Amino acid sequence: MDLRTALLVVFSLMAFTCAEPVKYIDCGSSAGKVSMVDIKPCPHQPCQLHKGQSYSVNVTFSSGVVSQTSKAVVHGVIAGVPIPFPIPIQDGCKSGIVCPIQKQKSYNYINELPVKTEYPAIKLVVEWELKDDTNADLFCIKFPVQIVS
């Protein structure tokens with residue numbers, strides 16, 4: 001295989017494996033600014049989350065404050081009612097962020113979103129917040145998902 005063919009194969013594979021950034025709504029990021037949200041695997045939106053599987057959530061944001069800590073709070077919003085959605089690691093400093101968080105620096109927050117088998121098959125909105133040490137939102141995002149069997 002010549003170099004051009006090899007490069008074509010590599011770039012084609014990259015195109016198939018790269019997910020499109022997720023469309024989201026900022027719901028009050030008072031202490032930071034989100035630049036991108038990515039959920040893998042999520043080839044189409046709204047993301048279809050299969051029961052019993054786990055999904056990677058990557059939020060790229062810049063901080064507007066200095067913070068020693070960060071804590072994730074996740075809810076599933078169903079008919080306007082927020083219901084706590086447990087995640088394995090709430091500590092943002094153990095989720096791709098090196099703490100202390102510095103002002104005007106960009107970060108990649110990475111965590112897992114496990115979908116339990118006992119969850120109902122339903123459309124909902126995920127609300128994901130990352131709070132600083134004063135409880136202000138480094139980011140707050142909402143994005144639609146559909147839990148499927």
Side-chain angles (χ1 to χ4, degrees), residues 10-149:
V10 167
F11 286 123
S12 296
L13 288 173
M14 285 174 54
F16 285 116
T17 59
C18 293
E20 179 180 318
V22 172
K23 293 180 178 126
Y24 65 93
I25 296 172
D26 188 294
C27 52
S29 302
S30 59
K33 181 171 175 53
V34 175
S35 57
M36 189 182 79
V37 177
D38 187 28
I39 300 172
K40 291 183 183 170
C42 176
H44 307 287
Q45 293 176 42
C47 296
Q48 290 195 351
L49 308 181
H50 293 268
K51 295 178 185 185
Q53 294 187 17
S54 196
Y55 295 81
S56 173
V57 177
N58 183 346
V59 180
T60 303
F61 72 99
S62 59
S63 176
V65 298
V66 173
S67 182
Q68 300 301 313
T69 63
S70 62
K71 180 182 177 185
V73 179
V74 182
H75 289 93
V77 182
I78 301 170
V81 178
I83 298 166
F85 206 112
I87 55 173
I89 302 172
Q90 289 184 316
D91 186 348
C93 300
K94 294 179 180 174
S95 299
I97 297 173
V98 176
C99 290
I101 295 170
Q102 302 298 315
K103 187 175 184 177
Q104 305 304 322
K105 189 172 176 190
S106 183
Y107 293 92
N108 285 318
Y109 168 84
I110 302 167
N111 210 327
E112 292 293 314
L113 182 62
V115 181
K116 296 182 180 179
T117 55
E118 60 265 20
Y119 289 165
I122 190 171
K123 288 184 179 182
L124 67 140
V125 172
V126 173
E127 180 180 270
W128 201 303
E129 299 170 274
L130 187 66
K131 296 185 173 288
D132 69 7
D133 50 16
T134 67
N135 214 34
D137 283 333
L138 289 163
F139 68 75
C140 178
I141 56 171
K142 290 183 177 182
F143 52 90
V145 299
Q146 181 173 7
I147 297 176
V148 296
S149 297

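It should be emphasised that the depicted structure is a prediction, and the values quoted were computed from it without experimental measurement.
- In this view, F61 and Y107, F139 satisfy the ring-ring contact (aromatic ring centres under 6.0 Å, His included) rule, not counting sequence neighbours.
- Here the straight-line distance linking atom OG of S70 with atom CD1 of I101 works out to 4.0 Å at 0.5 Å rounding.
- Shown here for A72 and L130, the closest heavy-atom pair between the two residues is N-CD1, 3.8 Å.
- When the ring-ring contact (aromatic ring centres under 6.0 Å, His included) test is applied to Y24, no partner is found at least two apart in sequence or on another chain.
- Checked by atom type and distance alone, the side chain of N111 pairs as donor or acceptor with a backbone atom of I89 at under 3.5 Å.
- Considering only residues two or more places apart in sequence or on other chains, Q90 meets the side-chain hydrogen bond (donor to acceptor under 3.5 Å, both in side chains) condition with none of them.
- Here K142 contributes atom NZ and D26 contributes atom CG; the two are 10.5 Å apart, rounded to the nearest 0.5 Å.
- At a threshold of 4.5 Å between non-hydrogen side-chain atoms, the residues E127 and C140 count as touching.
- Nearest heavy atoms, L124 versus V77: CB-O, 3.6 Å.
- Minimum interatomic distance between P120 and I147 (heavy atoms only, all atoms of both residues): O-CG2, 3.4 Å.
- Contact of the E112 side chain with the S56 side chain is registered, since non-hydrogen atoms from C-beta on lie closer than 4.5 Å.
- Counting heavy atoms from C-beta on, the side chains of V115 and Q53 never come closer than 4.5 Å.
- Here the rule is side-chain contact (heavy atoms from CB on, under 4.5 Å) with Q146, and of Q45, H50, Q48 only Q48 fits it.
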Applying side chain to side chain contact (heavy atoms under 4.5 Å, CB included) to L138 and V65, what does each step give before you reach the verdict? CA-CA 8 Å; L138 289 163; V65 298; 3.9 Å; yes
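- Among all heavy-atom pairs drawn from P114 and I87, the shortest one is CD-CA, 4.5 Å.
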Show your reasoning for whether side chain to side chain contact (heavy atoms under 4.5 Å, CB included) applies to K105 and S63. CA-CA 6 Å; K105 189 172 176 190; S63 176; 5.9 Å; no
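- Of all the heavy atoms in G92 and Y109, the pair that sits closest is CA-CE1, 4.1 Å.
- Put simply, NZ on K94 and SG on C99 are 10.5 Å apart, with the number rounded to the nearest 0.5 Å.
- Smallest separation of non-hydrogen atoms from P86 and P84: CD-O, 3.7 Å.
- Between D91 and K71, none of the side-chain N atoms (NZ, or NE/NH1/NH2) sits under 4.0 Å from a carboxylate O, so this pair counts as no salt bridge.
- Put simply, NZ on K131 and OG on S30 are 8.0 Å apart, with the number rounded to the nearest 0.5 Å.
- Shown here are the side-chain contact (heavy atoms from CB on, under 4.5 Å) partners of S149, two or more places apart in sequence or in another chain: K51.
- Rounded to the nearest 0.5 angstrom, I39 CD1 and L113 CG are separated by 7.0 Å.
- In this model, no donor atom of one side chain and acceptor atom of the other lie less than 3.5 Å apart for S29 and D137.
- Each ring pair (Phe, Tyr, Trp, His ring centres under 6.0 Å) pair with one or both residues in residues 70-104, not counting sequence neighbours, appears once here: F85-Y119.
- Taking the side-chain hydrogen bond (donor to acceptor under 3.5 Å, both in side chains) definition, one finds that S67 meets it with D133, sequence neighbours left out.
- In this structure, Y55 OH and C42 SG are separated by 9.0 Å, a value rounded to the nearest 0.5 Å.
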Evaluate W128 against V37 for side chain to side chain contact (heavy atoms under 4.5 Å, CB included), listing each step before the verdict. CA-CA 11 Å; W128 201 303; V37 177; over 6 Å; no
